[in-house]
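The block underneath contains the structure these notes are about, expressed in structure tokens.
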Amino acid sequence: MSQLAVCLFIFAVTIAGYCSGLYSLATISMTSFMALTLTGCLDVKEALSYFANNNVIMIAGMCVVAAGFNRTQFCMNLANGISRVSKGSVNKMMLGYVLIGTLLSQFIQSPVVVFGIVAPMLIASAESMGISRSKVVFPVGVVTICTCCTLPFGAGATIAAELNGYIESYGYTAHMVEFLDPMKARLPMLVFSILYFAFFAYKLAPEVSPTAIADSAKKAAKKEPLKPFAEKAGIMIFFGDAIALMFADKLHLATWEICLIGALLMILCGVLKPREATNALPVSMLLLIVGALAMAGALSATGAGDLIGGIIANLVKGLGGNSYLVGLIFFIIPFIMTQFMSNRGTMMIFHPIAIATCASIGGNPVGLMILIQAACLSAFMTPMATAAVPYIMEEGGYNQASMIKQGMLFAVIACVISVGWIMTIFPIM
């Protein structure tokens, strides 16, 4: 049996394990991790490197920063203030947090960082209104993923240049991506996402979390109030961290460095005791992320992505250049693949295929390339999709089955809107 076949078998068993609920997600993730290593699908050195992955360090640091913020009265006072403004309306509360998450996602390229900023306040607001966190975490978490970098601000301002880089490297420059093209293509989905996640998605969420939740917010609320200096420091560190993450490039700091500095400051300034900071580390979530990253790396290394890409290229040639049918393929397949591989890796597979397909018929690849990017940036179904998903699953207490149940309707509508709109304004022919 080839390594590709072995990897696909381990992958299938892993997905079944996530859905079964027989063991914790972290246990299944680490079992998959070891299986990939022992079978040679993953190099030992590469496997170990995932424990030091920047996403793992970043999330660990952000969780400590969030725990420190939860120790302050600001978080609870803000949550209570939002609850008063909402006047008991779940829709108003959700709209507020969905808008905050969407706005931050335009300036901060990492959804996991954005969710880490919003989650403490969101959960506190929900609990102050007597709403289960399982009803609100998924909508706000996913909106930070699927609206990321839609507007031409921050990282979103570089998307056109990135896509043009693919086009120029292939040598087919008859059609180039204009600066505002990505925004024009994805704007309808941004508007729909805000409305959907603010007013409807929570209705599909489970009333009771399917899995146990490590409720650090409640534990923090039971502790003695902080001293005045520590109270002010906790607030300043949290918001200082958030601002620094927005301007990470200008500060010449990696996002994991900013989060780790914030975590250390929470301890050094007396907001958290060392033991409290250690208890704030979500070990099960971090192990889940390590295993998910390893699976994505193994799928890429064994050639699973290239195999699927080749099959799609042959299929597209038989469609005669129909923009909507070709667009449907170039959204669905990358969307599915990105649930199990990195979005960057999936884009690297399909962007050359899209350009080559259009070049062979003299078509315009701009719409397909933006569609591929939209599909890859909208992955949220599985823990392998993006590092934000394990964070969402941990905070909301979701299992794999509940993630699919909550996300399926949105995924279908997102496909229809994205393909219909983008292929209309940027047709192939």
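Numbers here are sequence positions counted from 1.
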**Asked** Side chain of Asp241, backbone of Ile237: donor and acceptor closer than 3.5 Å?
**Response** no
**Message:** So, taking the atom named CE in Met408 and the one named CG in Leu204, what distance separates them when rounded to the nearest 0.5 Å?
**Reply:** 12.0 Å
**Request:** With the side chain counted from C-beta on, respond yes when Asn91 and Leu95 share a heavy-atom pair under 4.5 Å apart, and no when they do not.
**Result:** no
**Fill in**
Taken to the nearest 0.5 Å, the spacing of Ser2 OG from Leu8 CG works out to 8.0 Å
**Message:** Taking Leu122's backbone N and O only, do any of them form a donor-acceptor pair with Arg133's side chain (distance below 3.5 Å, no angle check)?
**Reply:** no
**Request:** Look at the aromatic rings of Phe410 and Phe197 and report parallel, tilted or perpendicular, splitting at 30° and 60°.
**Result:** tilted
**Request:** Check whether any side-chain N or O of Gln406 sits under 3.5 Å from a backbone N or O of Ser402 as a donor-acceptor pair, and report yes or no.
**Result:** yes
**Request:** May I have the step-by-step check of side-chain contact (heavy atoms from CB on, under 4.5 Å) for Leu281 and Cys63, ending in yes or no?
**Result:** CA-CA 6 Å; Leu281 294 173; Cys63 286; 5.6 Å; no
**Request:** Name the orientation class of the two ring planes belonging to Phe331 and Phe335 (parallel below 30°, tilted from 30 to 60°, perpendicular beyond 60°).
**Result:** parallel
**Fill in**
All heavy atoms of Val177 vs all of Pro182, minimum pair found to be CG1-CD, 4.0 Å
**Asked** Within a strict 4.5 Å, meaning less than it, do heavy atoms of the Ile392 and Phe380 side chains meet?
**Response** no
**Asked** Taking the side chain as C-beta and beyond, is there a heavy-atom pair between Tyr391 and Pro111 under 4.5 Å?
**Response** no
**Asked** Under 3.5 Å, side chain of Gln73 to main-chain N/O of Glu231, donor-acceptor pair present?
**Response** no
**Request:** Check whether any side-chain N or O of His351 sits under 3.5 Å from a backbone N or O of Met369 as a donor-acceptor pair, and report yes or no.
**Result:** yes
**Prompt:** Yes or no on side-chain contact (heavy atoms from CB on, under 4.5 Å) for Phe238 and Thr72, after CA distance, side-chain angles and deciding distance?
**Reply:** CA-CA 10 Å; Phe238 179 81; Thr72 70; over 6 Å; no
**Message:** For a 4.5 angstrom cut-off between non-hydrogen side-chain atoms, does Val290 reach Met30?
**Reply:** yes
**Prompt:** At their closest point, which heavy atom of Val136 faces which heavy atom of Met94, and how far apart are they?
**Reply:** CG1-SD, 3.6 Å
**Request:** Indicate whether the side chain of Thr150 and that of Thr147 have a donor and an acceptor atom separated by less than 3.5 Å.
**Result:** no
**Nearest non-hydrogen partners of Leu226 and Gly270, listed with the distance** = CD2-O, 4.3 Å
**Item:** Minimal non-hydrogen separation, Met93 against Ser125, with atom names
**Value:** SD-CB, 3.9 Å
**Minimum heavy-atom distance Ile422-Ala185, with the two atoms named** = CG1-O, 3.5 Å
**Message:** Contact between Cys376 and Met337 at the side-chain level, heavy atoms closer than 4.5 Å - yes or no?
**Reply:** no
**Message:** Nearest 0.5 Å, please: how far is CG in Asp43 from OG in Ser49?
**Reply:** 8.5 Å
**Item:** Side-chain donor or acceptor of Ser32 paired with backbone N/O of Ile28 under 3.5 Å
**Value:** no
**Message:** Walk me through whether Leu187 and Leu151 qualify under side-chain contact (heavy atoms from CB on, under 4.5 Å).
**Reply:** CA-CA 8 Å; Leu187 193 58; Leu151 302 179; 4.0 Å; yes
**Within 6.0 Å of CE in Met176, more than 12 heavy atoms from elsewhere** = yes
**Asked** If you round to the nearest 0.5 Å, how far is CD of Glu46 from OG1 of Thr37?
**Response** 9.5 Å
**Message:** As an exercise, state the distance from CZ of Phe426 to NZ of Lys184, rounded to the nearest 0.5 Å.
**Reply:** 6.0 Å
**Asked** Can you list the steps and then say if Ser418 with Leu371 is a side-chain contact (heavy atoms from CB on, under 4.5 Å)?
**Response** CA-CA 7 Å; Ser418 296; Leu371 196 60; 3.9 Å; yes
**Message:** When you measure from the side chain of Thr144 to the backbone of Gly101, do you find a donor-acceptor pair of N or O atoms at a distance under 3.5 Å?
**Reply:** no
**Complete:** Smallest heavy-atom separation, Ala205 atom then Ser134 atom, equals CB-O, 3.3 Å
**Prompt:** Distance-only, no hydrogens or angles: does the Tyr97 side chain make a donor-acceptor pair with backbone N or O of Val140 under 3.5 Å?
**Reply:** no
**Prompt:** Does a side-chain heavy-atom distance below 4.5 Å link Glu395 with Ile123?
**Reply:** yes
**Message:** Any side-chain to backbone donor/acceptor pair from Gln400 onto Met381? Under 3.5 Å, distance only.
**Reply:** yes
**Asked** Is Phe247 atom CZ crowded by more than 12 heavy atoms from other residues, nucleotides or ligands, each under 6.0 Å away?
**Response** no
**Request:** Determine whether Leu368 and Ile355 make a side-chain contact, defined as any pair of heavy atoms from C-beta on separated by less than 4.5 Å.
**Result:** no
**Message:** To the nearest 0.5 Å, what is the distance between CD1 on Ile145 and OG on Ser193?
**Reply:** 11.0 Å
**Prompt:** Does any non-hydrogen side-chain atom of Leu286 lie less than 4.5 Å from one of Phe51?
**Reply:** no
**Asked** Between Thr102 and Leu99, is there a donor-acceptor pair closer than 3.5 Å when you use the side chain of the first and the backbone of the second?
**Response** no
